[in-house]
Amino acid sequence: MKERFAIWLAPQNGERREVAPLRQLGWAFLLAWVFCVFYTNAAGVLSGDAIPDAGEAAAGASSGASSMGAALFYAVLPLAASVATLAAIVLAEPRIGSPTSHRPLFVVAPALTAASTPFMFVSVADPGLNAALFGIGAVATGIGSALLWAMWGEYYAVIPRDRAEWLAPVSAVSAAVIVLLVSAMDGWVPVAVAAALPLLSGLCFHLAWTPEAARTEEALATAHRFATEQRSPLAGLGRTGFGILVVFSIVSIAGMMSAERVEGIPLQAILLFSALMMAVVAAMAISGPRRISLFFLYRWMCPTLVIGFAAVILLGQAGALVAVAASLGGRFTFCLIAQIYFANYAAAGRATPAQASSLGWLFVHAGDLLGLVLWIVLEPLMLAQPTGLTAVSVGCIVVLVTVTMAVMGETSTFLRIPETAKDQPHAHGKGLVTESPDAHDAMDQPGEPQPDAPAPTTAPTADASGEVHGAARIDELARVGGLTPRETEVLALLAQGRSIPYIRDELIISRETAATHAKYIYAKLGVHSRQELIDLVRQ
């Protein structure tokens, strides 16, 4: 019965192809929950929002300090719980396994998130009781939602790449539509709907996570640990992680620019803008040669945020709505690209699926946390100066442009492959290049091959024994042909039927360089076509 409900792509070659059963869109419900509860007022006003702003109480020192402490408590606690949970997953995963390896979490994570969501909206007269209720809800939702983020990240890492690049945009746009619908509800109805979203996400994940998915995730995790010799996941942090943290802190500050809560028609207009922005960026990223990278996203987010801050500089509070729109559109689009990016990173063998997803979203949540803390601390000082809002906007633009320029040249990403493994020609035998169409296709319907690629059935087999045999054969051909380490990487991808544009994006090299490597490989191995190369590998 569940197979009957699916999204279909346009007919190809006279046949329609099933792209994704609706259960695979469960990430949309999780994303919608986050935006309904924390990033917008679609579900209502959190109980912590009822306290006076730190700036409003700045007239009295003791009152200002008390108000700032309360603001920090209500703003920091949910994010701190998420950051702590994601960090625990990253550090504990090598010893106790990923979240998906513990089946009770399939029920516990969504149930905990859903049951504790109303606690954050209950407002009582007693400040202590109000803080206690909010604290219970904040910690419980932080833990439960962090587990769901990691689990959906694992799922995206084990499905075919082309399917992930289709599911993420559809899920993100669907999430924007859900938030739009919730924003039109009144009373406790939006809270009830928001609380149901994690349950729907958990149900979808339970249906989507198959035994084949579990085996693929285990194979990816085992291959990465063998290749990196059990190194700490924090040992290879690059500039990209720092870039994610800083950029998202700027996004968080932009979302706080408006002195009044954005709701009603303005919020719905911003949500429509976010959906349109996501659709355009996704179409640019996945059409033709793939350009799924955080660097590609920076080229979109940086100008959008600069426009938002520029509106504040020119118009003051009247331009704050533009900054909020840039923030919300940037958040949605960042989540869309990041979900694919983290999954591709794990599928390429650079981290286990749980580590790649958890550490990536940890940077996102930590950036949110940093932005909120900076805003709460700076707000009294900003309001005390006539040009305070302008100064903060200028500072954000300077930091944003500087960090973007610093990370644009970073190619090692946020979890580098250890140099000792990356530079060895036999690294493929250790599972560093693990993205195999056949291994992923066993889960569901096969993805479409690249335009210049042969049918996947002609590629080397990718079961547990065949994958090792194929990697050993590639190592053998690399030694016989005298291939360089980079040519060996290209050979492994060519043997999987990958196209030159795909290899360009996967290895972060130019198309001309990828084509030159392929030319030298053909010459050294004495073959004249892709099919001859694949046949040679299969021998």
| said: Treating Thr141 as the side-chain partner and Ala138 as the backbone partner, does any N or O pair qualify as donor plus acceptor under 3.5 Å? | reply: yes
| task | Show your reasoning for whether side chain to side chain contact (heavy atoms under 4.5 Å, CB included) applies to Ile244 and Val364. | result | CA-CA 6 Å; Ile244 296 173; Val364 172; 3.8 Å; yes
| message | Within the structure provided, determine whether Ile250 and Phe309 are in side-chain contact (heavy-atom separation under 4.5 Å). | response | yes
| Pairwise distance CG(Leu389) to CD(Glu379) - rounded to 0.5 angstrom | 10.0 Å
| field | Approximate separation, where rounding is to 0.5 Å, of Leu207 CG and Phe106 CZ | value | 11.0 Å
| field | Non-neighbouring partners of Ser252 that pass side chain to side chain contact (heavy atoms under 4.5 Å, CB included), sequence neighbours left out | value | Arg331, Asp368, Leu372
| request: Kindly give the heavy-atom pair with the smallest separation between Ala75 and Ile376, and that separation in Å. | output: CB-CD1, 3.7 Å
| remark: Separation between CG (Leu359) and CG (Leu86), nearest 0.5 Å, reads 9.0 Å
| query | Which atom names give the shortest non-hydrogen contact between Ala157 and Pro353, and what distance separates them? | reply | CB-CB, 3.8 Å
| task | Report the residues that fulfil side chain to side chain donor-acceptor pair (under 3.5 Å) with Trp33, sequence neighbours left out, ordered by chain and then residue number. | result | Thr117
| query | CG of Leu112 to CG of Leu148: how many Å apart, nearest 0.5 Å? | reply | 9.5 Å
| task | May I ask you to test the Gln339-Phe334 pair for a side-chain heavy-atom distance under 4.5 Å? | result | no
| task | Scan side-chain atoms only and decide if Gln24 and Tyr155 contain a donor-acceptor pair under the 3.5 Å cut-off. | result | yes
| request: Using a 4.5 Å cut-off on heavy atoms from C-beta on, say whether the side chain of Val247 contacts that of Leu400. | output: yes
| Point-to-point distance, once rounded to the nearest 0.5 Å, from CG of Leu30 to SG of Cys204 | 11.0 Å
| note | Closest heavy-atom pair, Cys335 versus Trp27, reported as atoms and distance to 0.1 Å, is O-CH2, 3.5 Å
| message | In the structure I gave you, are the side-chain heavy atoms of Cys302 and Val401 within less than 4.5 Å of one another anywhere? | response | yes
| task | I would like to know whether Arg23 and Trp209 meet side chain to side chain contact (heavy atoms under 4.5 Å, CB included); could you show each step before the answer? | result | CA-CA 10 Å; Arg23 65 181 183 276; Trp209 189 258; over 6 Å; no
| task | Report the residues that fulfil side chain to side chain donor-acceptor pair (under 3.5 Å) with Ser201, sequence neighbours left out, ordered by chain and then residue number. | result | Trp152
| Minimum heavy-atom separation for Pro99 to Leu105, with atom names? | O-CD1, 3.6 Å
| Which atom of Pro110 lies closest to which atom of Pro198, heavy atoms considered | CB-O, 3.2 Å
| task | Output all residues satisfying side chain to side chain donor-acceptor pair (under 3.5 Å) with Thr390, sequence neighbours left out; order by chain, then residue number. | result | none
| task | Run the numbers on Phe342 and Tyr156 for ring pair (Phe, Tyr, Trp, His ring centres under 6.0 Å), then give the verdict. | result | CA-CA 9 Å; Phe342 299 150; Tyr156 272 75; over 10 Å; no
| Are Ser258 and Leu321 close enough, and set up right, to give a side chain to side chain contact (heavy atoms under 4.5 Å, CB included), and what steps lead you there? | CA-CA 6 Å; Ser258 178; Leu321 192 63; 5.6 Å; no
| Does a donor on one side chain and an acceptor on the other come within less than 3.5 Å for Ser98 and Glu93? | no
| task | Please determine which of Thr40, Leu267, Leu197 meets the side-chain contact (heavy atoms from CB on, under 4.5 Å) test together with Val179. | result | Thr40
| task | Measure from the side-chain N and O atoms of Ser357 to the backbone N and O of Trp149, and report whether any donor-acceptor pair falls under 3.5 Å. | result | yes
| To the nearest 0.5 Å, how far apart are CG in Leu220 and CD in Glu154? | 10.0 Å
| Going by heavy atoms in the side chains, are Thr404 and Met301 under 4.5 Å from each other? | no
| query | Is the shortest heavy-atom distance from the side chain of Leu147 to the side chain of Thr113 under 4.5 Å? | reply | no
| task | For residues Ala172 and Leu336, report the shortest heavy-atom separation together with the two atoms involved. | result | CB-CB, 4.1 Å
| said: Please tell me whether Phe119 and Phe134 form a close aromatic pair, meaning their ring centres lie under 6.0 Å apart. | reply: no
| message | Is any side-chain heavy atom of Leu369 closer than 4.5 Å to one of His365? | response | no
| query | Do Phe332 and Phe35 have ring centroids that are under 6.0 Å from one another? | reply | yes
| task | In sequence, state the C-alpha distance, the side-chain angles, and the governing distance for Leu46 and Val37, and then conclude on side chain to side chain contact (heavy atoms under 4.5 Å, CB included). | result | CA-CA 8 Å; Leu46 295 176; Val37 175; 4.2 Å; yes
| request: For Ala192, enumerate each residue passing the side chain to side chain contact (heavy atoms under 4.5 Å, CB included) test, keeping only those at least two apart in sequence or located in another chain. | output: none
| task | Could you tell me which residues satisfy ring-ring contact (aromatic ring centres under 6.0 Å, His included) with Phe29, sequence neighbours excluded, listed by chain and number? | result | none
